[in-house]
Amino acid sequence: MIIEAYARQGRELAADPRAALRAADASPERLARSEESLPSPPGAAAPAAEAAPDPTAHLATTPEDETPQPDKLLAGARSRGEIVFVRSVQGLMATALLLLGGVLAYGYYENQQAEQPGPIDRAFAGIKAGDCTPTGLDPAGQWLAPSPETTDCGAPGARWRVISSSNKGTVDRCGAPSAAVTWNRSSRAGTVSLCLERIFHPDECVIGPQPALAALTEVTPLMNGPVFATTVTCSDTAPAGLAILRVLKYGLSDTACPRQTRVRYKFPDRGRMLCLTTV
């Protein structure tokens with residue numbers, strides 16, 4: 001067959017060389033080779049490259065590969081729970097530290113404030129020997145004001161004269177029993193102790209002992225507590241066993257009391273005498 005084909009082509013080439021060449025160029029094999037050698041026109045899609053084979057394509061997929069394992073899920077949940085627990089503990093510790101810091105700061109502030117003198121402390125600290133105060137005592141011996149005020153010693157309302165003031169500690173007694181009474185103030189800011197003597201004015205009334213019916217009653221002050229020093233209204237009712245007495249005269253120890261005197265107080269430590277009568 002091949003030999004016959006070549007013989008036929010030889011005969012045709014001998015008879016007409018140009019026609020034989022055109023026939024050879026138009027053969028299917030020659031045309032196919034020409035099309036392959038021609039460049040692709042602009043915009044034409046390039047032939048798709050053959051995809052590389054997947055090396056794992058031959059492996060079969062199993063249910064174990066697609067479903068999460070229980071052990072892995074449990075481990076993940078435990079890890080997340082531990083993280084949440086640790087963060088919760090850290091938050092609680094931070095809150096506790098903040099609260100503790102606030103309490104300590106407030107306690108320090110309160111302590112500092114307590115050590116600062118208040119109005120009462122300043123009132124006591126401002127009193128000096130020679131000052132007079134209008135504050136009185138009640139029948140139980142309690143001061144009628146939280147702190148002493150000052151007034152002119154010659155004023156009718158002056159009740160006490162300060163004879164000493166000390167910030168070295170509390171004083172229980174000022175000198176002899178009939179000398180004076182104490183007024184103490186103690187706080188975180190300090191301690192102030194005052195010693196005061198009573199000032200009497202004519203016609204004012206005080207609480208004192210019930211005098212004898214037909215004799216002059218001699219009394220040494222403070223033997224019966226500070227009752228004598230309590231100033232009251234002359235129309236008040238006296239406590240049981242005591243009397244409302246009106247001041248007649250207050251002077252030196254050699255003072256002569258008026259005839260109507262029913263009670264005479266002696267102040268030996270002060271060198272004074274107090275003359276009183278009933279109302």
Side-chain angles (χ1 to χ4, degrees), residues 31-128 131 133 135 137-138 140-150 162 164-173 181-195:
L31 290 174
R33 288 193 298 268
S34 299
E35 289 176 358
E36 291 176 357
S37 62
L38 290 176
S40 301
E50 183 178 358
D54 185 359
T56 62
H58 66 284
L59 299 178
T61 303
T62 61
E64 290 80 3
D65 296 333
E66 298 176 355
T67 304
Q69 299 299 318
D71 293 342
K72 294 181 179 179
L73 291 176
L74 182 60
R78 185 182 298 113
S79 177
R80 289 192 295 272
E82 291 174 353
I83 293 174
V84 171
F85 175 75
V86 170
R87 289 180 177 175
S88 299
V89 171
Q90 290 174 342
L92 291 175
M93 292 179 63
T95 303
L97 289 175
L98 287 175
L99 290 174
L100 179 61
V103 170
L104 292 177
Y106 181 76
Y108 176 78
Y109 171 78
E110 288 292 310
N111 185 64
Q112 291 296 107
Q113 290 296 109
E115 293 179 355
Q116 298 298 320
I120 296 178
D121 298 301
R122 290 192 291 270
F124 273 87
I127 296 293
K128 60 184 183 299
D131 288 342
T133 177
T135 305
L137 291 169
D138 63 17
Q142 300 298 316
W143 293 98
L144 300 176
S147 61
E149 301 176 359
T150 58
V162 178
S164 69
S165 174
S166 174
N167 58 3
K168 300 185 182 302
T170 301
V171 176
D172 295 328
R173 180 186 294 180
V181 296
T182 61
W183 195 353
N184 299 314
R185 165 67 178 177
S186 183
S187 69
R188 296 281 296 277
T191 298
V192 176
S193 187
L194 304 177
C195 288

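Below, each value reflects all heavy atoms present in this structure, side chains not excepted, and no hydrogens, waters or symmetry copies.
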Give, for atom CG of Leu137 and atom CG of Leu144, the distance between the pair rounded to the nearest 0.5 Å. 6.5 Å
Distance (rounded to the nearest 0.5 Å) between Asn167 CG and Phe124 CZ: 13.0 Å
Closest approach of [X] and [Y], non-hydrogen atoms and distance?
X      : Y      : answer
Thr191 : Ser186 : OG1-OG, 3.2 Å
Asp121 : Arg185 : OD1-NE, 3.0 Å
Ile120 : Pro146 : CG2-O, 3.8 Å

Sorted by chain and residue number, the side chain to side chain contact (heavy atoms under 4.5 Å, CB included) partners of Thr150 (sequence neighbours excluded) come out as Ile127, Asp131
Under the side chain to side chain contact (heavy atoms under 4.5 Å, CB included) rule, collect the residues that match up with Thr135, sequence neighbours excluded. Thr133, Trp143, Ala145, Trp183
Return all side-chain donor-acceptor pairs below 3.5 angstrom for residues 85-99, not counting sequence neighbours, or 'none' if the list is empty.
| unit_1 | atom_1 | unit_2 | atom_2 | d |
| --- | --- | --- | --- | --- |
| Ser88 | OG | Val84 | O | 2.9 |
| Thr95 | OG1 | Gly91 | O | 2.9 |

